[in-house]
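Below you'll find the structure, written out as structure tokens, and then a few comments.
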Amino acid sequence: MRYKNIIWDWNGTILNDLDVSLESVNSLLLEKSLNQITKEYYQEVFDFPVKSYYEKIGFSFEKEPFESLAAKFIRKYYKEMIKAKLQPNVEELFKILAKKGFNQYILSAMEHTSLLKMVSDYNISHYFIEIEGVKDFFASGKVETAKKLIEKLSININETIFIGDTTHDVAVANSIGVDSTLFYSGHQSLNRLEKMEKPIFT
């Protein structure tokens, strides 16, 4: 294999936080007397930027600004984070890849300082050369962060693959000119991922 560098997405790919995210957003919907959503529906509509996904599930920003709703979601999400586990066998995979000499990185739409703490709390920081999140809590996407990561570390894009769980991860990989593959069991349905015509693993 020609790859030497692996850029990992965090939420849904390394961290199995689907149920925590669903519980948190359903709590917000309940507060607004809106219909709660199922896991299956969530995986069909979740997307980046998350502002558009919020609108799809019923929130109106005429009644409350997106920034306020996003802040409430983050508070609920972090309160429930203790329930989230790493994806099965993923740490063992990190060990194997490290022994084989791969350079591993994390790129996430999570706020940077929170991401660093979370990865550290799961005791896996030492597997990664760099861990990069975004500057705010609004999950608008990570294209610009990806470009900065490549430039900052002079990563050879021809030897790099991005592993994620959403169609946005494919867009991010395309924006920096690297290959990508998708993990099913994260925040989007297999039906949506298959439409991207990318290799998918479970």
Side-chain angles (χ1 to χ4, degrees), residues 1 3-21 23-24 48 50 70-71 73-157 159-166 168-173 175-176 178-188 201-202:
M1 182 180 289
Y3 299 121
K4 295 181 181 178
N5 312 303
I6 300 174
I7 302 176
W8 294 89
D9 169 57
W10 173 247
N11 301 94
T13 303
I14 294 175
L15 183 68
N16 183 5
D17 65 344
L18 173 59
D19 289 340
V20 170
S21 297
E23 182 178 341
S24 300
F48 291 92
V50 296
F73 172 82
I74 289 297
R75 286 195 293 271
K76 293 177 181 295
Y77 176 88
Y78 285 127
K79 184 178 179 181
E80 300 298 326
M81 268 308 304
I82 192 172
K83 300 177 182 178
K85 307 293 183 184
L86 298 178
Q87 293 286 7
N89 305 314
V90 73
E91 186 171 2
E92 186 61 30
L93 180 56
F94 296 151
K95 292 178 183 178
I96 293 170
L97 292 170
K99 287 181 179 179
K100 289 181 177 293
F102 285 88
N103 302 311
Q104 300 184 80
Y105 310 84
I106 291 178
L107 177 68
S108 175
M110 177 175 279
E111 189 275 328
H112 182 69
T113 301
S114 301
L115 174 66
L116 291 177
K117 182 181 184 305
M118 194 172 293
V119 177
S120 176
D121 287 346
Y122 284 94
N123 298 312
I124 57 172
S125 300
H126 56 283
Y127 293 112
F128 305 101
I129 293 174
E130 193 83 2
I131 300 168
E132 286 290 341
V134 299
K135 62 182 179 180
D136 57 42
F137 292 93
F138 304 134
S140 58
K142 54 198 176 196
V143 169
E144 292 306 314
T145 307
K147 292 178 180 178
K148 290 176 182 177
L149 176 68
I150 294 293
E151 182 178 354
K152 174 183 176 182
L153 299 178
S154 300
I155 298 173
N156 185 337
I157 60 174
E159 299 176 341
T160 304
I161 187 167
F162 191 103
I163 301 176
D165 70 310
T166 68
H168 178 65
D169 291 320
V170 175
V172 172
S175 75
I176 55 176
V178 305
D179 290 343
S180 59
T181 188
L182 292 168
F183 171 71
Y184 168 63
S185 282
H187 289 269
Q188 290 185 341
F201 63 97
T202 59

Practice task
May I ask you to test the L153-E130 pair for a side-chain heavy-atom distance under 4.5 Å?
Solution key: yes
Exercise for the section: Starting at CH2 of W10, measure out to CG of L115 and round the result to the nearest 0.5 Å. Expected result: 7.0 Å
Fill in the blank from the handout: Here the gap from L15 atom CG to L86 atom CG, rounded to the nearest 0.5 Å, amounts to 6.5 Å
Handout entry: T13 side chain to D165 backbone, donor-acceptor under 3.5 Å
Key = yes
Exercise for the section: Mind running salt bridge (charged side-chain N to carboxylate O under 4.0 Å, His left out) on E144 and K147 for me, showing each step along the way? Expected result: CA-CA 5 Å; E144 292 306 314; K147 292 178 180 178; 3.8 Å; yes
Practice task
Please tell me if the side chains of Y127 and K95 come closer than 4.5 Å, counting only heavy atoms from C-beta onward.
Solution key: yes
Exercise for the section: Specify the closest pair of heavy atoms between S180 and A173, including all atoms of both residues, with the distance to one decimal. Expected result: CB-CB, 3.6 Å
Practice task
Measure from the side-chain N and O atoms of E111 to the backbone N and O of G133, and report whether any donor-acceptor pair falls under 3.5 Å.
Solution key: no
Practice task
Would you check, one step at a time, whether the test salt bridge (charged side-chain N to carboxylate O under 4.0 Å, His left out) holds for K152 with E132?
Solution key: CA-CA 11 Å; K152 174 183 176 182; E132 286 290 341; 3.4 Å; yes
Problem - Minimal non-hydrogen separation, A146 against L107, with atom names - result: CB-CD2, 3.4 Å
Problem - Note, Y105 side chain near T160 side chain (heavy atom, < 4.5 Å) - result: no
Problem - Shortest non-hydrogen separation from L18 to G186 and the atoms involved - result: CD2-O, 3.5 Å
Problem - Pair Y77-M110, side-chain contact (heavy atoms from CB on, under 4.5 Å): steps then yes or no - result: CA-CA 12 Å; Y77 176 88; M110 177 175 279; 3.9 Å; yes
Handout entry: Nearest-0.5 Å distance that lies between atom CG in L97 and atom NZ in K100
Key = 8.5 Å
Exercise for the section: Would you check if the side chain of Q104 reaches a backbone N or O of F94 as a donor-acceptor pair within less than 3.5 Å? Expected result: yes
Problem - Sidechain-backbone polar pair: D17 side chain, G12 backbone, donor-acceptor under 3.5 Å - result: yes
Handout entry: Interatomic spacing from OG in S21 to CG in N11 - rounded to 0.5 Å
Key = 6.5 Å
Handout entry: I14 vs I124, side-chain contact (heavy atoms from CB on, under 4.5 Å): CA-CA, chis, key distance, verdict
Key = CA-CA 10 Å; I14 294 175; I124 57 172; 4.1 Å; yes
Handout entry: NE2-CG distance between H168 and D9, expressed to the nearest 0.5 angstrom
Key = 8.5 Å
Practice task
May I ask you to test the L93-W8 pair for a side-chain heavy-atom distance under 4.5 Å?
Solution key: yes
Practice task
Side-chain contact test, heavy atoms from C-beta onward, threshold under 4.5 Å: evaluate it for I7 versus I150 and give yes or no.
Solution key: yes
Handout entry: Min side-chain heavy-atom separation T145-K135 under 4.5 Å
Key = no
Fill in the blank from the handout: Smallest heavy-atom separation, S24 atom then E80 atom, equals OG-CG, 4.5 Å
Handout entry: Option from N103, D179, N156 for which side chain to side chain donor-acceptor pair (under 3.5 Å) with Y3 holds
Key = D179
Practice task
Hey, could you give me the CD/CZ distance between E159 and F102, rounded to the nearest 0.5 Å?
Solution key: 10.5 Å
